[in-house]
Amino acid sequence: MATKVYIVYYSMYGHVEKLAEEIKKGAASVEGVEATLWQVPETLSEEILGKMSAPPKSDVPIIAPQNLAEADGFIFGFPTRFGMMSAQFKAFMDATGGLWRTQQLAGKPAGIFYSTGSQGGGQETTALTAITQLVHHGMIFVPIGYSFGAGMFEMEQVKGGSPYGAGTYAGDGSRMPSELELAQAFHQGKYIAGITKKLKTAA
């Protein structure tokens, strides 16, 4: 039976979605792993999104809380809002109370990726504050550490991400993930998928 890894994200302007697509490729590169992309529900109206110049959502399916129980591991992605996950993703996590009561996600590995507007905009605090969601569910937080190798020490170009997970800088919204940031995202998908597969096999 395939190891199921769900990449669950919220993306308003496409930056997190771009990372999610690359993470899926990395996860799917591990033999025996089935990687699936999911979006969390939008909480803003079309009128508000229009005023914010947000592009239309992609056709990636919308996840319901109960769908999480089907997966063996997760990689959660979201933009930063004042150093924390966006309200849309928090609203989705708030709706997982039924899974929490029955501890259906306990023991499952989970990673985190993110996008911020600036270099000091919460690349690590967003991951740190998101860990509380994993803890209450009993999930196992899987950081990438420095397993990405030389890419973690790049100093000549702007690069998002950290030992906590892949990341990108959106700037004013016009900057999309760089090749190096996408490579780190691919690595994260492959890395966490491999760990998820090992844990499932050992169970």
For this session: Would you indicate whether the side-chain heavy atoms of Pro79 and Tyr114 approach each other to under 4.5 Å?
Result: no

Problem set entry | Closest non-hydrogen atom pair between Ala28 and Ala35, with its separation | N-CB, 4.0 Å

Problem set entry | side-chain contact (heavy atoms from CB on, under 4.5 Å) assessment of Val5 paired with Thr36 | CA-CA 6 Å; Val5 174; Thr36 306; over 6 Å; no

Seminar exercise, completed: Minimal heavy-atom distance between Tyr9 and Ala20, with the atoms involved, is CD2-CB, 3.7 Å

For this session: Would you mind reporting whether Thr126 and Arg81 have side-chain heavy atoms less than 4.5 Å apart?
Result: no

Problem set entry | CD1 on Ile192 to NZ on Lys190, rounded to 0.5 Å | 14.0 Å

Exercise. To the nearest 0.5 Å, what is the distance between OH (Tyr6) and CZ (Phe74)?
Worked result: 8.0 Å

For this session: Rounded to the nearest 0.5 Å, what's the gap from OG on Ser29 to CZ on Phe186? Could you check?
Result: 4.0 Å

Problem set entry | Same apolar cluster (I L V M F W Y, side chains within < 4.5 Å links), Leu128/Phe82 | no

Problem set entry | Exercise: do Ser58 and Glu17 side chains pair donor with acceptor under 3.5 Å | yes

Exercise. Do the side-chain N and O atoms of Glu47 and Ser45 include a donor-acceptor pair separated by under 3.5 angstrom?
Worked result: no

Exercise. Can you name the nearest heavy-atom pair linking Ala69 to Gln104, along with the distance?
Worked result: CB-OE1, 3.4 Å

Exercise. With a 4.5 Å heavy-atom cut-off, do Thr3 and Glu34 have their side chains touching?
Worked result: no

Exercise. Are Lys57 and Glu42 within salt-bridge range, i.e. N to O under 4.0 Å?
Worked result: yes

For this session: Check step by step if side-chain contact (heavy atoms from CB on, under 4.5 Å) holds for Ile63 and Gln39.
Result: CA-CA 6 Å; Ile63 194 169; Gln39 296 185 80; over 6 Å; no

Exercise. Would you call the rings of Phe89 and Phe76 parallel, tilted or perpendicular if under 30° counts as parallel and over 60° as perpendicular?
Worked result: perpendicular

Exercise. Below 4.5 Å, heavy atoms only, C-beta onward: do Phe141 and Tyr164 meet side chain to side chain?
Worked result: yes

Exercise. Hey, what do you get for CZ (Phe92) to OG1 (Thr96), rounding to the nearest 0.5 Å?
Worked result: 7.0 Å

Exercise. Roughly how far, to the nearest 0.5 Å, is CG of Leu99 from NE2 of His137?
Worked result: 6.0 Å

Problem set entry | Lys/Arg-Asp/Glu bridge criterion (N-O < 4.0 Å) met for Lys200, Asp72 | yes

Problem set entry | Contact check, side chains of Trp100 and Leu105, non-hydrogen atoms, under 4.5 Å | no

Seminar exercise, completed: Minimal heavy-atom distance between His187 and Ser147, with the atoms involved, is NE2-OG, 2.8 Å

Exercise. Closest heavy-atom contact between Gln184 and Met152?
Worked result: NE2-SD, 3.1 Å

Problem set entry | Among Met176, Lys18, Lys25, side chain to side chain contact (heavy atoms under 4.5 Å, CB included) partner for Leu182 | Lys18

For this session: Go through Gln133 and Lys90 one step at a time and tell me if the side-chain contact (heavy atoms from CB on, under 4.5 Å) criterion holds.
Result: CA-CA 9 Å; Gln133 310 297 309; Lys90 181 60 166 61; 3.6 Å; yes

Exercise. Does Phe113 reach the side chain of Thr168, with side-chain heavy atoms less than 4.5 Å apart?
Worked result: no

Exercise. So, for Val142 and Pro109, which heavy atoms are closest and what is the spacing to 0.1 Å?
Worked result: CG2-CB, 3.7 Å

Problem set entry | Any donor-acceptor N or O pair under 3.5 Å, side chains Thr80, Thr116 | no

Exercise. Is the shortest heavy-atom distance from the side chain of Tyr169 to the side chain of Ser118 under 4.5 Å?
Worked result: no

Problem set entry | Spacing of CD belonging to Gln188 relative to CD1 belonging to Ile112, to within rounding of 0.5 Å | 9.0 Å

Exercise. Of Leu68, Asn67, Ile75, which is the lone residue that meets side chain to side chain contact (heavy atoms under 4.5 Å, CB included) with Val8?
Worked result: Leu68

For this session: Answer yes when Arg175 and Glu181 have at least one side-chain N-carboxylate O distance shorter than 4.0 Å, and no when they do not.
Result: yes

Exercise. What do you reckon, are the aromatic ring centroids of Phe153 and Tyr146 less than 6.0 Å apart?
Worked result: yes

For this session: Check step by step if side-chain contact (heavy atoms from CB on, under 4.5 Å) holds for Ile140 and Lys108.
Result: CA-CA 6 Å; Ile140 303 167; Lys108 295 186 179 185; over 6 Å; no

Problem set entry | Side-chain donor or acceptor of Lys51 paired with backbone N/O of Glu46 under 3.5 Å | no

Exercise. Heavy-atom distance under 4.5 Å between the side chains of Pro163 and Ile144, does that happen here?
Worked result: no

Exercise. Got a donor-acceptor contact below 3.5 angstrom from the Glu22 side chain to the Lys24 backbone?
Worked result: no

